[in-house]
Amino acid sequence: MDDQPQILDASIFEPPPDAVEFYSKSLDLLNESGVPFLLSGTYALSCFTGIVRPTKDLDVFCKASDAPRILAFFKARGHVIEVEDERWIGKVWDGPHFFDVIYNISTASIAITDEWFKEVYEVEVYGTTVRITPPTEFILSKMFLQDRYRYDGADIAHVILKKPDQIDWKRLLNAVELYWEVLLIHVLNFRFIYPTERNLIPRWLFDELLDRLHAQAELPAANIRVCRGRLLSPRDYVTDISEWGFADVVGKGIEEKHERKT
């Protein structure tokens, strides 16, 4: 990005008026903690594409080893903290308001690592300068969100359209080595949505993914019947696991709720 951070008008995200002070103080405290973090979600999307939509929380990404440090830092300052799921997410609360501390792409077990911090993208939001998730990692964070209530494929298509030269395609492919078909889904999705912009995705990547598809087609079916649907939607493929005899590849609970316990 430019040397000067982009300044985001926080009001365009329509945060609850009584939450703005919490968001502002939280970002200040995160900087004060000295623990590396990235602001993602709607704020990053807006920086890369100009698309704005309401949001009622903050998505803070960090390494797994740093999540306890962030949570402990806020606990020491009087905030209620919660380890919602040891495998990927914690929360910092102030009354009804919260922000997420995310250190793993939950379903696919893709951890946030030092690689996520190599590229520096800074913005000013709520009066504080913070780093946001780079385009490559932003796409990685969205790839597996494909269920009946939330599908983030449009965010990926828009970032590819607007920032193709800032995406590290080789890193993206390496990060989903085991799940390359999910990347192919998004590549085909983009090609369908923007037929005149197909060249924005490198031809070598498209050819590589098709080569893998052709090689896979020559293989016999595996001995163990596996459903990988819960990598995309933990709730929509429960029947496959609980009743139809498919093996699961996700450690998610059958019923998951992301709300504060009372």
Side-chain angles (χ1 to χ4, degrees), residues 87-88 104-116 118-119 133-254 256:
R87 293 164 295 186
W88 70 285
N104 182 25
I105 307 306
S106 59
T107 56
S109 293
I110 298 174
I112 283 72
T113 65
D114 287 329
E115 290 284 336
W116 289 58
K118 284 188 174 181
E119 300 292 332
T133 311
T136 305
E137 287 69 27
F138 179 83
I139 291 174
L140 189 57
S141 75
K142 298 279 190 177
M143 286 179 65
F144 294 88
L145 293 171
Q146 302 185 43
D147 72 16
R148 77 181 100 158
Y149 300 112
R150 179 174 177 182
Y151 172 70
D152 283 5
D155 290 351
I156 292 175
H158 287 137
V159 170
I160 293 174
L161 178 68
K162 293 296 184 179
K163 300 294 181 182
D165 295 336
Q166 296 180 38
I167 298 168
D168 185 337
W169 297 100
K170 289 184 177 179
R171 160 152 167 68
L172 190 60
L173 179 61
N174 287 337
V176 293
E177 177 66 26
L178 191 59
Y179 308 123
W180 56 267
E181 289 157 297
V182 180
L183 179 56
L184 177 58
I185 289 169
H186 287 290
V187 168
L188 293 174
N189 193 47
F190 181 85
R191 288 171 59 87
F192 177 80
I193 295 168
Y194 302 111
T196 60
E197 314 301 320
R198 291 170 180 162
N199 64 320
L200 295 181
I201 296 177
R203 178 60 184 268
W204 69 262
L205 176 63
F206 185 61
D207 290 343
E208 169 64 22
L209 292 171
L210 290 184
D211 284 346
R212 295 185 183 194
L213 191 66
H214 289 146
Q216 184 192 68
E218 298 301 319
L219 299 178
N223 294 330
I224 297 176
R225 298 174 72 227
V226 173
C227 174
R228 294 187 295 186
R230 297 185 73 222
L231 289 170
L232 308 176
S233 174
R235 77 186 95 202
D236 288 332
Y237 297 92
V238 170
T239 300
D240 306 69
I241 310 305
S242 63
E243 298 182 22
W244 295 349
F246 284 90
D248 201 355
V249 292
V250 183
K252 307 278 280 187
I254 296 298
E256 290 208 344

Euclidean distance, Arg230 CZ relative to Ile241 CD1, rounded to 0.5 Å: 6.5 Å

Side-chain touch Leu232/Tyr151, heavy atoms, less than 4.5 angstrom: no

Backbone of Arg148 reached by a side-chain donor or acceptor of Asp236 within 3.5 Å: yes

Axial cation check for Phe246 ring with Arg228, 6.0 Å and 45° limits: no

Distance, nearest 0.5 Å, that separates CD1 of Ile185 from CH2 of Trp180: 10.0 Å

Interatomic spacing from OG1 in Thr136 to CD in Glu119 - rounded to 0.5 Å: 7.5 Å

Over 12 non-hydrogen atoms of neighbours within 6.0 angstrom of CD1 in Ile224: no

Pairs touching residues 194-208 that satisfy salt bridge (charged side-chain N to carboxylate O under 4.0 Å, His left out), sequence neighbours left out: Arg203-Asp207, Glu208-Arg212

Contacts of Asp168 that satisfy side-chain hydrogen bond (donor to acceptor under 3.5 Å, both in side chains) - sequence neighbours left out: none

Rounded distance [0.5 Å steps], CD1 in Ile193 versus CZ in Phe190: 8.0 Å

Glu115 versus Glu137, closest heavy-atom pair with distance: O-OE2, 3.8 Å

Exercise: identify the closest heavy-atom pair between Ala175 and Leu140: CB-CD2, 3.8 Å

Point-to-point distance, once rounded to the nearest 0.5 Å, from CH2 of Trp88 to OG of Ser109: 11.5 Å

Side-chain donor/acceptor of Asp152 to backbone N/O of Asp155, under 3.5 Å: no

Closest non-hydrogen atom pair between Asn104 and Ala111, with its separation: OD1-N, 3.4 Å

Heavy-atom closest contact (Ala157 atom, Tyr194 atom, distance): O-CE1, 4.0 Å

Spacing of Leu205 atom CG and Leu173 atom CG [to the nearest 0.5 Å]: 6.0 Å

Flag, side chain of His186 to backbone of Ile156, donor-acceptor distance under 3.5 Å: no

Any Leu213 side-chain heavy atom under 4.5 Å of Leu209 side chain: no

Residues that Thr239 engages under side chain to side chain contact (heavy atoms under 4.5 Å, CB included), provided they are two or more places apart: Glu243, Trp244

Pairwise side-chain contact, Val182 with Val176, heavy-atom cut-off 4.5 Å (strictly under): no

4.5 Å side-chain heavy-atom contact, Phe206 and Arg191: yes

Worked verdict on Tyr179 versus Phe144 for ring-ring contact (aromatic ring centres under 6.0 Å, His included): CA-CA 10 Å; Tyr179 308 123; Phe144 294 88; 5.7 Å; yes

Residue pair Lys163, Phe138: steps toward the side-chain contact (heavy atoms from CB on, under 4.5 Å) verdict: CA-CA 11 Å; Lys163 300 294 181 182; Phe138 179 83; over 6 Å; no

For the student: nearest non-hydrogen atoms of Trp116 and Ser141, plus distance: CH2-CB, 4.3 Å

Shortest non-hydrogen separation from Pro135 to Ile167 and the atoms involved: CB-CG1, 4.1 Å

Audit row: Leu172, Ile139, side-chain contact (heavy atoms from CB on, under 4.5 Å) steps and yes/no: CA-CA 8 Å; Leu172 190 60; Ile139 291 174; 4.0 Å; yes

